[in-house]
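Here is the structure we will look at.
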Amino acid sequence: MKRIVWLSVGVALGAVAYQKISAARSLASPGGINRAVASLADSVAHFADQVRAGMAEREGELRQGLGLQD
């Protein structure tokens with residue numbers, strides 16, 4: 001009975017390790033690197049858009065507070 005349990009544990013660990021290795025291998029391929037860089041670029045662009053929107057909002061608040069509305 002113990003052998004069946006350990007065999008099952010070994011099979012499960014082997015399957016998980018195989019999936020992790022396959023994912024790492026696909027990430028290291030040129031297509032995987034391109035996807036990672038594109039994702040990073042999208043994240044940076046989204047962050048920059050958020051910063052610009054926050055700056056515009058804060059500028060409007062400051063202008064309103066100082067009475068400089070155009």
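This is a predicted model, so every value here is computed, not measured. Note that these values count all heavy atoms, side chains included, but never hydrogens, waters or copies made by symmetry.
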Grouping ILVMFWY residues whenever side-chain heavy atoms fall under 4.5 Å, the cluster of L7 otherwise contains V11

Could you list the cluster mates of L40? Members are the ILVMFWY residues connected by side-chain heavy atoms closer than 4.5 Å, either directly or through other members.
V44

Over 12 foreign heavy atoms within 6.0 Å of CD1, I4
no

Not counting sequence neighbours, list each pair that qualifies as a salt bridge (Lys or Arg N to Asp or Glu O under 4.0 Å) and has a residue in residues 1-23.
none

Residues 23-47 vs salt bridge (Lys or Arg N to Asp or Glu O under 4.0 Å), sequence neighbours excluded, gives none

Please list, one pair per line, the donor and acceptor atoms closer than 3.5 Å that link side chains of residues 52-60 to other protein atoms, with sequence neighbours excluded.
residue	atom	partner	partner atom	Å
R52	NH1	D49	OD1	2.7
R58	NH1	E61	OE1	3.2
E59	OE2	R63	NE	3.3

